[in-house]
Number of protein chains: 2
Amino acid sequence: MNDEPKRYHHGDLRRTMLDTALAMLTEENGWQFTLRELARRAGVSHTASYKHFPDKAALLAELALIGMDRLRTALLAARPSEAVTLRNQFIEMSRAYVRFGTENPNLYRLMFSADARESASGRLKEHGVAALAVLVDLIEEGQRLGWLRKGEVVEQVGAAWAHLHGVTLLTLDGLLGPDVVGSDRASDAALLVLLEGLEQHK
Amino acid sequence: MNDEPKRYHHGDLRRTMLDTALAMLTEENGWQFTLRELARRAGVSHTASYKHFPDKAALLAELALIGMDRLRTALLAARPSEAVTLRNQFIEMSRAYVRFGTENPNLYRLMFSADARESASGRLKEHGVAALAVLVDLIEEGQRLGWLRKGEVVEQVGAAWAHLHGVTLLTLDGLLGPDVVGSDRASDAALLVLLEGLEQHK
DNA sequence: ACCTGAACACCGTTCAAGT
DNA sequence: ACCTGAACACCGTTCAAGT
């Protein structure tokens, strides 16, 4: 639709580069991100990015922040109506977390990469914490209602996050469960172990 | 001690390159592995490695295999005498796993990197499974003695591995627990959640 | 203010040639 | 059989110059 002639000044090259980069991330899977390749796709000289990002790591960090925000959105969307039990809400949320990783492997890995972390300094952790708000809510409410055992919320959140992170990455690496490709059984089984560990047993 | 004159033929360049690479891995932490840098350290031309490894990924894969073997050794060494309870053996083993990661961050990450996995094909998974033999033993014995709930061993092993993997990586990324640097409390708390999830509750 | 082109210092990899 | 040096096709980054 938008077939304006190419102007020397691009307009919003920053936004375009981020979008193009995200598209590249979701396409290829055996993946090697390159500023020059990005510039080629965006139809711009390979030095243009330096007006908008100090260096490659800064661009990656920005993508990682966007990824954290998308994870937050995905987890929020996965929380079903209040009608269902907290336990089922927790299960749906957990599945959504793992699914986010398996559907966006490159982005998920980028969100935890050293490059992004160092360049984004504290901001990446902030966005990560924001993404986990749903998890925190569920755990606080679960403790209040006597579903989960009492304890430091931050510790339970940490345990749950670590578990979900591990399941996601092992699944991405093809290391979880027997060689039943495409099966969710192994990751579901792992999630149940997590649940048992958090739940109150009378 | 060994001050033989430099021969044109190195002797065991393959071994030397692997050792030098492992040394580089443990030294630097904000780390960027380079074949040319490796060659410089080994005092050899930057093309010499191609006689011993088809490409960079193959060398990395070899290092990853060595890492898996070292993890196996670390876990075996951490299994204390038969006198202590299975539960304590499990805790010690878990701590040893996380400690291996925090003490060898670059090597641990390499063990799960895409480069290494693709180049090593099945062998990396094999060595990984071998490394987890201690975990499998503990879980099988735990089920037999009624300490752990009955269930598919492979599923419980997967859940435990994912949990340990996640705790290790979040710890390496500085994302686990409050900002109590150097504290093991967050990862210990997470391990207890895992234990609760696996244990039999009467 | 935003973008380009040439230039620099690096890579991984190949290949003919040396020992 | 093992190692080297020149060469090639790539990077990320800088900087003077263009619009």
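From a predicted model like this one, the values you see are computed outputs, not experimental measurements. Each chain gets a letter, A, B and so on, in the order its sequence line appears, and its residues count up from 1.
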Arg36(A) and His46(A): side chain donor to acceptor below 3.5 Å: yes
Suppose we define a pair by two distances each less than 3.5 Å, Watson-Crick or G-U wobble; what does dC11(C) pair with here? none
Between Asn104(A) and Phe100(A) (side chain of the first, backbone of the second, donor and acceptor by atom type, cut-off under 3.5 Å), is there such a pair? yes
Give a yes/no answer on whether the side chain of Arg40(B) brings an N or O atom under 4.0 Å of OP1 or OP2 in dC11(C). yes
For Asp55(B) and dT14(C), give me the distance from atom CG to atom C1', rounded to whole Å. 13 Å
Checking Gln200(A) against Arg149(A): is there a side-chain donor and acceptor pair closer than 3.5 Å? no
Return the value, rounded to whole Å, for the distance between atom CD of Gln32(B) and atom C1' of dG12(D). 11 Å
For atom CZ of Phe53(A) and atom P of dC2(C), their distance in whole Å: 13 Å
Integer-rounded Å distance: dG12(D) P and Glu37(A) CD: 10 Å
Measuring to OP1 and OP2 of dC3(C), would you say a side-chain N or O of Lys51(A) lies under 4.0 angstrom away? no
Under a 3.5 Å cut-off for both contacts, is dT4(D) paired Watson-Crick or G-U wobble with anything, and if yes, with which nucleotide? dA16(C)
Return the nearest nucleotide to the side chain of Ser45(B); candidates are dT4(D), dT4(C), dT13(C). dT4(D)
Looking only at side-chain atoms of Ala48(A), point me to the closest of dT4(C), dG12(D), dC3(D). dT4(C)
Integer-rounded Å distance: dT4(C) C1' and Leu13(A) CG: 12 Å
Which of the following nucleotides, dA7(C), dC3(C), dC11(C), is nearest to the side chain of Arg36(B)? dC11(C)
Between CG of Leu60(B) and C1' of dT13(C) the distance, given in whole Å, is 15 Å
So, His163(A) and Tyr97(A): side-chain donor and acceptor under 3.5 Å apart, yes or no? no
His52(A) NE2 to dC3(C) C1': how many Å, rounded? 8 Å
Below 4.0 Å: OP1/OP2 of dC3(D) and any side-chain N or O of His46(B): no
What is the separation between atom CG on Leu38(A) and atom P on dT13(D), rounded to the nearest whole Å? 13 Å
Strictly distance-based, threshold 3.5 Å: is any side-chain N or O of Lys56(B) a donor or acceptor partner for the main-chain N or O of Leu35(B)? no
Among dC11(C), dT14(D), dA6(D), find the nucleotide with the atom closest to the side chain of Thr47(B). dA6(D)
